Amino acid sequence: MTCIVLFTDFGPSGPYIGQMESVLRLTAPHVPVINLLSNAPTANPRLSSYLLAALRYSFPVSSIFLAVVDPGVGGKRRAVVLQADGQIFVGPDNGLLNTVAVQSQNTKWSEIVWRPEHCSMSFHGRDIFAPIAAKLAINTAAKLLQPFDRNDLNDWPQDLAEVIYFDHYGNAMTGLRYSDVYSGKTLTVNGIQIKQADTFGAVEEQQAFWYKNSSGLVEVAVNKGHADQQLALKLGMRVGF
Amino acid sequence: MTCIVLFTDFGPSGPYIGQMESVLRLTAPHVPVINLLSNAPTANPRLSSYLLAALRYSFPVSSIFLAVVDPGVGGKRRAVVLQADGQIFVGPDNGLLNTVAVQSQNTKWSEIVWRPEHCSMSFHGRDIFAPIAAKLAINTAAKLLQPFDRNDLNDWPQDLAEVIYFDHYGNAMTGLRYSDVYSGKTLTVNGIQIKQADTFGAVEEQQAFWYKNSSGLVEVAVNKGHADQQLALKLGMRVGF
Amino acid sequence: MTCIVLFTDFGPSGPYIGQMESVLRLTAPHVPVINLLSNAPTANPRLSSYLLAALRYSFPVSSIFLAVVDPGVGGKRRAVVLQADGQIFVGPDNGLLNTVAVQSQNTKWSEIVWRPEHCSMSFHGRDIFAPIAAKLAINTAAKLLQPFDRNDLNDWPQDLAEVIYFDHYGNAMTGLRYSDVYSGKTLTVNGIQIKQADTFGAVEEQQAFWYKNSSGLVEVAVNKGHADQQLALKLGMRVGF
């Protein structure tokens with residue numbers, strides 16, 4: 001089932017999501033649109049890339065991700081499409097799609113060589129990426145893309161030992177995919193030692209713990225509390241076992 | 001018309017709404033999804049239950065509510081389905097659905113005995129409740145449910161004389177359904193005496209008043225102001241006539 | 001393609017968007033709904049009107065805008081429909097639709113003379129405007145509307161030299177549509193002189209600049225910063241070249 005999935009730093013209220021949806025609907029009216037996340041780390045494609053790579057697994061093969069965290073919009077960064085293990089990602093070539101690529105078995109990169117008649121300098125999400133995502137959904141994008149080889153991702157880490165996202169509860173996701181080698185170990189973040197637990201109810205109220213979250217990442221939380229505030233965490237802080 | 005209605009404390013931006021939508025669409029692609037509310041009182045199923053019970057009346061018979069305010073996820077609370085006066089509610093058995101039940105004429109409770117092959121410890125909204133809501137929408141859930149009798153709700157109050165929700169304007173909804181016996185009476189909250197008015201325009205700017213809100217609840221507001229801030233209200237504060 | 005577009009000050013989380021969607025879906029189940037914007041300037045139809053007038057151009061002819069910024073709900077302001085250059089706008093007659101009208105070539109105003117059997121005093125978005133928008137989408141609204149002439153808009157400015165909106169990044173949109181006569185000029189806001197630039201990357205980090213935004217408005221931003229905070233801007237502040 002094809003579905004267009006939005007992953008942006010546009011915020012939940014503003015006009016930008018709706019403006020992209022209008023474009024998608026005009027070209028691909030029967031393809032459902034799911035707004036996955038609108039508060040990716042603002043203007044931070046590097047941290048956002050680890051979040052996108054983890055969240056993709058809640059969506060089926062053939063899903064098309066319209067991913068826009070694009071502080072360099074209007075500048076020289078490329079506009080690209082990444083095919084990765086059966087899913088498709090459309091967005092700026094500023095690192096946002098790199099983590100998906102390095103975590104995948106089969107990847108194919110293409111540059112978007114098409115430009116619309118009228119293109120704003122500040123909203124390629126609406127003017128370039130959404131039209132291409134919609135055309136991909138209805139299989140009319142092939143001639144607008146130019147495949148290229150990627151030899152510059154050897155140093156891009158598959159996992160990132162940093163805080164990459166705070167959810168609505170103040171839980172802190174890290175860029176580390178859970179692995180059994182971490183089991184039972186103590187996590188250190190912001191100078192604080194944090195033990196593992198399976199569920200919120202397994203620790204005392206107001207106590208911090210780490211666990212494998214529902215997207216497979218190492219996550220820090222406080223039972224009935226707010227880890228971000230209570231542990232004074234910030235995006236990009238280093239974590240380690 | 002069947003429709004799946006989301007009622008959660010997931011916040012407006014995060015990944016959890018979109019992850020549930022992906023599950024719903026895979027199983028029940030033609031059933032519309034409406035995101036009713038994503039800022040239910042965080043981790044507070046008791047207050048949330050009175051809000052859910054009031055809001056259900058904006059939705060037609062046969063609507064399916066996917067209701068997730070679930071601080072005990074991964075623990076021992078049951079996963080349940082409540083059929084109540086023609087509508088269906090899917091969620092955790094932690095009180096969240098109780099107010100709907102005690103305000104309804106005909107109710108039937110079932111436990112969700114099905115479990116998915118892979119089930120996270122922290123996101124049953126995606127892994128248990130959404131799949132069941134989708135299966136209910138396409139009538140394939142019957143064998144996954146085990147009816148049970150409920151004899152423990154005699155003490156659950158039909159109305160709650162507390163502040164249960166603040167909307168975007170700072171208006172404070174209470175858990176009291178409006179009744180004509182309240183008409184003309186003065187409401188007390190946080191030690192402040194508040195008079196009734198029909199509309200915002202009927203009182204002076206910056207003046208507080210209470211009224212029957214559009215969902216049938218007693219609500220406190222300030223004309224061209226923010227009741228939450230200006231009256232120093234908090235969730236769970238007692239109100240009384 | 002008909003599509004119903006929501007423009008409100010309801011906030012991103014609350015119940016009001018979902019309650020309107022339920023109404024729309026009951027009457028016009030096959031008409032897509034796009035939530036364009038939910039944080040219009042709260043209770044400020046005048047500023048909101050300039051934002052609505054700019055954003056309409058991302059949507060095709062025959063789109064139906066359900067526009068609700070309605071502090072006088074329940075009072076004497078009319079409920080109206082505006083047809084303007086092929087698009088339709090439904091909402092309160094409190095100024096919210098005026099800027100669309102004065103910027104359009106062909107306009108036709110109608111009063112909504114229909115009232116539902118049960119109508120709340122505080123949520124005409126759900127009880128009057130949404131039903132009419134849905135009926136317009138399926139062409140069953142004609143007898144519920146009463147055309148009227150509008151002779152009171154001669155003094156309504158086509159552009160507004162004020163800050164009308166802050167987006168998620170803190171960028172400040174003004175009510176001025178970009179014109180070539182502004183090119184190269186310095187903009188003054190809050191006593192600060194601001195130069196023009198084409199893109200964020202064209203200025204130093206933390207530097208303020210103004211540009212023609214993706215909706216055609218003059219907008220003030222700070223590269224990798226937050227113009228609202230760093231320039232201490234507020235809604236309604238005057239701007240000038």
Side-chain angles (χ1 to χ4, degrees), chain B residues 1-14 17 30-40 42 51-52 54-61 63 65 165-171 173 178 197-202 205 209 211-217 219 221-226, chain C residues 4 6 8-35 37-46 68-77 92 94 116 118-131 134 168-169:
Chain B
M1 185 197 65
T2 298
C3 184
I4 297 174
V5 183
L6 310 183
F7 177 98
T8 70
D9 66 348
F10 291 174
S13 312
I17 296 286
H30 301 299
V31 177
V33 177
I34 293 180
N35 187 9
L36 170 56
L37 185 110
S38 61
N39 67 347
T42 304
L51 186 58
L52 175 60
L55 296 177
R56 64 183 286 207
Y57 294 107
S58 283
F59 294 86
V61 165
S63 293
F65 292 80
Y165 183 72
F166 297 109
D167 75 5
H168 184 64
Y169 308 100
N171 300 340
M173 297 187 194
Y178 176 83
D198 283 339
T199 64
F200 283 67
E205 294 194 7
F209 65 104
Y211 64 115
K212 176 185 176 183
N213 80 6
S214 61
S215 296
L217 297 176
E219 178 167 319
V222 169
N223 185 26
K224 306 228 168 171
H226 299 271
Chain C
I4 297 173
L6 311 184
T8 71
D9 66 348
F10 291 174
S13 312
Y16 306 126
I17 296 286
Q19 289 179 300
M20 289 206 311
E21 273 194 63
S22 177
V23 170
L24 295 172
R25 193 154 289 283
L26 269 177
T27 296
H30 301 298
V31 177
V33 176
I34 293 180
N35 187 9
L37 183 112
S38 61
N39 67 346
T42 305
N44 193 325
R46 179 173 154 272
V68 189
V69 177
D70 195 16
V73 61
K76 289 184 176 171
R77 57 103 191 92
N94 59 9
H118 300 286
C119 185
S120 71
M121 300 290 278
S122 56
F123 194 7
H124 289 181
R126 180 192 64 189
D127 295 341
I128 297 176
F129 302 126
H168 184 64
Y169 308 100

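Fair warning: this is a prediction, and the values are worked out from it, not measured in the lab. By convention in this document, chain letters (A, B, ...) are assigned in the order of the sequence lines, proteins followed by strands, and residues within each chain are numbered from 1.
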**OP:** Please name the pair of heavy atoms, one in L26(C) and one in P60(B), separated by the smallest distance, quoted to 0.1 Å.
**Re:** CD2-CG, 3.9 Å
Original post:
So what's closer than 4.5 Å to chain C heavy atoms on Y165(B): side chain, backbone, both or neither?
Top reply: side chain
Original post:
Pairs in or reaching into residues 12-21 of chain C: which pass side-chain hydrogen bond (donor to acceptor under 3.5 Å, both in side chains), with residues at least two apart or in two chains?
Top reply: S58(B)-Q19(C), D167(B)-Y16(C), S215(B)-Q19(C)
**OP:** Can you tell which part of F7(B) gets under 4.5 Å to a heavy atom of chain C, answering side chain, backbone, both or neither?
**Re:** neither
Subject >> Top of G201(B), P12(B), A202(B), G11(B) for chain C proximity - count of heavy-atom pairs under 4.5 angstrom >> reply: P12(B)
Original post:
Quick one: what part of D9(C) sits under 4.5 Å from any heavy atom of chain B, side chain, backbone, both or neither?
Top reply: both
Original post:
Which pair of heavy atoms, one from M121(C) and one from D198(B), lies closest together, and at what distance?
Top reply: CB-O, 3.7 Å
Original post:
Of all heavy-atom pairs between F200(B) and P71(C), which one has the smallest distance, and what is that distance?
Top reply: CB-O, 4.2 Å
**OP:** Rounded to the nearest 0.5 Å, what's the gap from CG on N44(C) to NZ on K224(B)? Could you check?
**Re:** 8.5 Å
**OP:** Not counting sequence neighbours, which residues clear side chain to side chain contact (heavy atoms under 4.5 Å, CB included) with S214(B)? List them please.
**Re:** S120(C), S122(C), F123(C), R126(C)
Subject >> P15(C): which of L37(B), L51(B), N39(B) passes side-chain contact (heavy atoms from CB on, under 4.5 Å) >> reply: L37(B)
Original post:
Taking atom OG of S38(B) and atom CD1 of I17(C), what is their separation to the nearest 0.5 Å?
Top reply: 11.0 Å
Subject >> Among the listed options L36(B), T199(B), T8(B), the residue most often paired with chain C at heavy-atom distances under 4.5 Å >> reply: L36(B)
**OP:** Measure F10(B) against the heavy atoms of chain C and call it side chain, backbone, both or neither at under 4.5 Å.
**Re:** neither
Original post:
Is chain B contacted by the side chain of V73(C), its backbone, both, or neither, given a heavy-atom distance below 4.5 Å?
Top reply: backbone
